[in-house]
Amino acid sequence: MPELPEVETVVRTLLPHVKGRRVVAVVHLRSDMLRPAGFGFIDAINGRLLAGVERRAKRIVFTLDSGERFYIHLGMTGRLTIEDPAAPVATHTHLIINLNHGRQLRLSDPRRFGEIVWMGTADHGKLGPEPLTLRPDVLLARLTQTKRAIKSALLDQNMIAGIGNIYADEALHRAGVHPERLGETLTAAEAGRLNRAIKGVLRRAIRAGGSSIRDYVNADGARGGFQASHRVYDREGKPCRNCRGEIVRITLGGRSTYFCPKCQG
DNA sequence: ACTATTTCCTGGATGC
DNA sequence: TGCATCCAGGAAATAG
């Protein structure tokens, strides 16, 4: 479900409820959400202060007062919310943490593609650069070293981190680049347009609180509004908002891909 | 080392 | 109404 703008929105709405709060108890944990499997997560966070919450790519990273970290990834259908203990517990709730201001941090995720990952003092490994601060020459260098379709490369978190299926399609449309173009054929001018398109669409989506196609809500349970501004995603057969031509849907790398053949020729 | 495909899981929409 | 099928915003694992 959530890509960079949605995760950013969750972090922003989570922050005032969580930062500086102490973990009083972990009242529920479905252990198959945990990485590494069998790690003593409850003992590791119990009684700790949550010193910070930030976003890295699509990861929601919690820093403890011990300096150790863990992150939560929401997968396709994950929701991380702040709730009153008396509020009904959603089905498929896999983590409930009591905080010292009397509220609960809850993770629900029907499909269970999400995960709770203990980092300790490790870093984020091979994860690629953040798109919001990415330089166009770096984007060009990375994309031109692959023969893959440009869209598949954009979805590769080791190439660039945080872009998913919606914003890859939206950025490519705004840049006028066909999703099946091979990475190695990209010109400097196109990489420049793509870099600006990625930043632009992500910033606008953050401002709108993210895109809610089906499951996504922020930490306060509110939906995003950016789906109304999508130019191609989930708009098969509808008129292109640029040229009035028809938006087409294909399958690329196993994912639905929407584009305008005229604007992205 | 690369790239493409399969797989994990549930639920909603669609078709018969 | 019921049942089968397909599809979904992710990404690790596997196959070629």
Side-chain angles (χ1 to χ4, degrees), chain A residues 1-11 30-37 55-60 71-80 90-95 107-117 124-128 131 142-173 179-185 198 201-202 204-206 208-218 223-237 249-259:
Chain A
M1 46 103 42
E3 307 181 28
L4 187 152
E6 291 74 38
V7 175
E8 179 66 29
T9 304
V10 170
V11 167
R30 181 175 171 126
S31 55
D32 65 3
M33 298 291 288
L34 192 62
R35 313 281 183 278
R55 180 192 61 75
R56 169 76 172 101
K58 301 175 194 173
R59 301 173 177 179
I60 300 164
Y71 71 79
I72 290 176
H73 194 298
L74 298 176
M76 293 270 235
T77 54
R79 291 180 171 194
L80 194 59
T91 48
H92 308 294
T93 294
H94 309 309
L95 178 68
L107 172 68
S108 68
D109 181 6
R111 271 175 93 177
R112 303 210 302 278
F113 285 180
E115 51 188 9
I116 303 161
V117 181
H124 285 282
K126 295 177 295 164
L127 205 54
R142 288 187 159 246
L143 292 179
T144 51
Q145 72 188 19
T146 181
K147 293 183 187 300
R148 302 160 80 187
I150 181 81
K151 159 134 191 223
S152 299
L154 289 176
L155 293 180
D156 183 344
Q157 299 301 296
N158 296 327
M159 183 80 75
I160 307 151
I163 298 172
N165 205 35
I166 293 176
Y167 297 104
D169 283 0
E170 293 296 320
L172 287 167
H173 179 263
E180 290 178 304
R181 275 281 299 283
L182 302 187
E184 62 180 2
T185 69
I198 289 169
V201 73
L202 294 179
R204 285 168 198 274
I206 291 169
S211 301
S212 290
I213 303 295
R214 41 180 68 84
D215 300 306
Y216 164 73
V217 294
N218 71 19
R223 290 168 58 84
F226 194 69
Q227 62 279 7
S229 302
H230 291 176
R231 295 187 187 175
V232 287
Y233 184 80
D234 206 18
R235 297 194 65 244
E236 181 181 17
R249 175 188 180 275
I250 60 171
T251 298
L252 202 172
R255 313 297 303 276
S256 281
T257 298
Y258 302 88
F259 68 101

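In what follows, chains are A, B, ... by sequence order, proteins preceding strands, each numbered from 1.
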Seminar exercise, completed: One should read off an interatomic distance between F113(A) CZ and M33(A) CE, to the nearest 0.5 angstrom, of 11.0 Å

Exercise. Rounding to a whole Å, what distance do you find between R255(A):CZ and dA11(C):C1'?
Worked result: 9 Å

Can you name the atoms? Protein N/O to nucleotides 2-6 of chain B N/O, anything below 3.5 Å, with the distance.
from: dT3(B); atom 1: OP1; to: T146(A); atom 2: OG1; distance (Å): 2.8
from: dT3(B); atom 1: OP1; to: K147(A); atom 2: N; distance (Å): 2.7
from: dT3(B); atom 1: OP2; to: T146(A); atom 2: OG1; distance (Å): 3.2

Exercise. What's the CZ-C1' distance between R112(A) and dA11(C), to the nearest Å?
Worked result: 16 Å

Exercise. Checking E3(A) side chain against I166(A) main chain: does a donor-acceptor pair fall under 3.5 Å?
Worked result: yes

Problem set entry | Length of the line joining D215(A):CG and dA13(B):C1', which is rounded to integer Å | 14 Å

Exercise. Quick one: CD1 on I163(A) to CG on L202(A), what's the gap to the nearest 0.5 Å?
Worked result: 6.0 Å

Problem set entry | Short side-chain N/O contact to dG11(B) OP1/OP2 from H92(A), under 4.0 Å | yes

Seminar exercise, completed: Writing each nucleotide of DNA chain B 5' to 3' as (, ), [, ], | or . by Watson-Crick or G-U pairing under 3.5 Å yields .|||||||.|||||||

Exercise. Roughly how far apart, to the nearest Å, are dT6(B) and dC6(C) at atom P?
Worked result: 14 Å

Exercise. Could you state the CD-C1' distance from E115(A) to dC9(B), rounded to the nearest angstrom?
Worked result: 14 Å

For this session: Taking the side chain as every heavy atom from C-beta outward, state whether L4(A) and I206(A) have any pair of such atoms under 4.5 Å apart.
Result: yes

Seminar exercise, completed: M159(A) atom CE is separated from dG10(C) atom P, nearest whole Å, by 16 Å

Exercise. Nearest-Å distance, CE (M33(A)) to P (dC9(B))?
Worked result: 12 Å

Problem set entry | Residue pair H124(A) / R59(A), side-chain donor-acceptor N/O under 3.5 Å | yes

Exercise. Counting only distance, no hydrogens or angles, is the base of dC9(B) paired donor-acceptor with the side chain of R111(A) under 3.5 Å?
Worked result: yes

Exercise. Which of the following nucleotides, dC7(C), dG10(C), dG11(B), is nearest to the side chain of R249(A)?
Worked result: dC7(C)

For this session: Could you list all the side chain to side chain donor-acceptor pair (under 3.5 Å) pairs where at least one residue sits in residues 148-168 of chain A, not counting sequence neighbours?
Result: E6(A)-Y167(A), R148(A)-D156(A), K151(A)-N165(A), K151(A)-D169(A), K151(A)-T257(A), Y167(A)-S211(A)

Problem set entry | Euclidean distance, atom NZ of residue K58(A) to atom C1' of dG10(C) [Å, nearest integer] | 6 Å

For this session: Quick one: label Y233(A) by what it contacts on the DNA or RNA (base, sugar-phosphate, nothing), any heavy atom closer than 4.0 Å.
Result: sugar-phosphate

Problem set entry | Rounded interatomic separation in angstrom, taking NZ from K151(A) and P from dA11(C) | 13 Å

Problem set entry | Option from L74(A), I116(A), L107(A) for which side-chain contact (heavy atoms from CB on, under 4.5 Å) with I60(A) holds | L74(A)

For this session: To the nearest 0.5 angstrom, please state how far the CG atom of D215(A) sits from the CZ atom of R223(A).
Result: 9.0 Å

Exercise. Can you check side-chain hydrogen bond (donor to acceptor under 3.5 Å, both in side chains) on N218(A) and T9(A), steps first, answer last?
Worked result: CA-CA 6 Å; N218(A) 71 19; T9(A) 304; over 6 Å; no

Exercise. With rounding to whole Å, what would you report as the distance between dA1(B) and dA11(C) at their P atoms?
Worked result: 23 Å

